[in-house]
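Values in this document were obtained by computation on a predicted structure and should not be read as measured data. The chain is numbered in sequence order, starting from 1.
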Amino acid sequence: MTERRPRKDATRNRAAVFAAADTLFAQCQSPESVTMADIAAAAGVGKATLFRAFGDRTGLIRALYEARLEPVRNAVEEGPPPLGPATPPLVRVPALLDAVLCFKLDNRHLALALEQTGAASPYRAEHYERWHALLRDLLEQIPSAGSGSGSGSADFTAHALLAATRADLVAHLAGERAAPREELREQLAHFTASVLGTRHAGGTPG
């Protein structure tokens, strides 16, 4: 019993911290304004608890981002089409990008906070490298996407496609310009089709 209680408390505290951070980032005007002290107060835990659990603000944001991304990651790694591994590349690439865009729209301020941490290049972040590697490998299987130029072309194309889902761009389009969600998804689908050399028939992936 003495060993279980700390684990339960830690799990409860982690859930409370994530819920508090979610709310604060969703309601803030700027992600930079959300501090560790704000999150600790909203979660009802001590600030020292946050630093012990996550190291610093960047560590907390990364942990929260990965937790929210987990359902999408599971769908990509072991789910059915159009995201799962059995999906043909020409179908899977647009579906993956649509999933990234929808995740960024649903977690706009959190994604922006992660990109603004400044701890390292966003292109070195684990989640970005994971998306990029997957897209690159799929693009290498689509001759029209790389124009037969090999892995170097696929590498660049993967970066270019992911650039269309950057959190700062999503925040600008969905926030400042108030572009409707379905309009953004449709525009991304058209852009992806143009890169892949396919014809977009309308509608969104999945």
Side-chain angles (χ1 to χ4, degrees), residues 1-80 83-85 95-135 162 165-176 181 184 206:
M1 295 292 293
T2 56
E3 292 181 356
R4 286 186 176 184
R5 186 173 179 182
R7 285 203 302 269
K8 289 181 179 179
D9 288 349
T11 300
R12 188 163 50 246
N13 285 345
R14 190 178 185 87
V17 167
F18 282 175
D22 262 339
T23 300
L24 288 170
F25 281 121
Q27 295 178 348
C28 70
Q29 293 296 318
S30 170
E32 295 178 348
S33 67
V34 179
T35 67
M36 291 287 268
D38 294 332
I39 296 170
V45 301
K47 191 162 69 169
T49 299
L50 293 191
F51 284 101
R52 281 196 302 269
F54 303 103
D56 56 17
R57 181 177 180 274
T58 298
L60 190 158
I61 292 172
R62 285 176 178 165
L64 176 57
Y65 189 93
E66 288 296 327
R68 297 298 177 255
L69 187 62
E70 186 174 3
V72 179
R73 186 168 61 245
N74 289 341
V76 169
E77 293 176 355
E78 54 193 37
L83 290 177
L96 288 169
L97 290 164
D98 183 65
V100 174
L101 174 62
C102 288
F103 178 81
K104 296 283 183 74
L105 287 168
D106 292 337
N107 300 273
R108 191 190 319 163
H109 291 88
L110 173 61
L112 196 57
L114 182 63
E115 288 188 2
Q116 291 179 348
T117 54
S121 167
Y123 304 105
R124 294 296 183 186
E126 181 181 352
H127 66 90
Y128 183 89
E129 290 185 335
R130 192 163 54 232
W131 285 119
H132 177 265
L134 178 56
L135 283 171
L162 285 171
T165 69
R166 275 187 58 93
D168 52 358
L169 176 60
V170 172
H172 170 69
L173 295 175
E176 295 178 31
R181 180 189 186 94
L184 293 177

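Applying the side-chain hydrogen bond (donor to acceptor under 3.5 Å, both in side chains) definition to pairs two or more places apart or across chains, those involving residues 100-114 are D106-R181.
Taken from CG in L162 to OG1 in T165, the straight-line distance is 5.0 Å, to the nearest 0.5 Å. Taking CZ of F103 as the reference point, atom CG of L69 lies at 4.5 Å (rounded to 0.5 Å). The NE2 atom of H127 lies 9.5 Å from the CD atom of E129; values are rounded to the nearest 0.5 Å. Here the straight-line distance linking atom CG of L169 with atom CG of L112 works out to 11.0 Å at 0.5 Å rounding. Atom CG of N13 and atom CG of D9 lie 6.5 Å apart (nearest 0.5 Å). From R57, atom CZ reaches atom CD1 of I61 across 4.0 Å, with rounding to the nearest 0.5 Å.
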Donor-acceptor pairs are to be reported for all side-chain atoms of residues 43-56 against protein atoms at under 3.5 Å, with residues two or more places apart or in another chain.
from	atom 1	to	atom 2	distance (Å)
T49	OG1	R52	NH2	3.3
D56	OD1	T58	N	3.3
D56	OD1	G59	N	2.7

Got a list of side-chain donor-acceptor pairs under 3.5 Å for residues 15-24, not counting sequence neighbours?
from	atom 1	to	atom 2	distance (Å)
D22	OD2	R68	NE	2.6
D22	OD2	R68	NH2	2.6
T23	OG1	A19	O	3.1

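Across all their heavy atoms, L105 and L184 have their closest contact at CD2-CD1, 3.9 Å. Counting all heavy atoms, side chain and backbone alike, P85 lies closest to G79 at CD-O, 3.7 Å.
The shortest distance between side-chain heavy atoms of L64 and L114 does not fall below 4.5 Å. In this structure the side chain of D168 never reaches within 4.5 angstrom of the side chain of H172, judged on heavy atoms.
Taking the centre of each ring, Y65 and F25 stay at or above the 6.0 Å mark.
The existence of a salt bridge linking R73 and E66 is confirmed by a sub-4.0 Å separation between a basic side-chain nitrogen and an acidic carboxylate oxygen.
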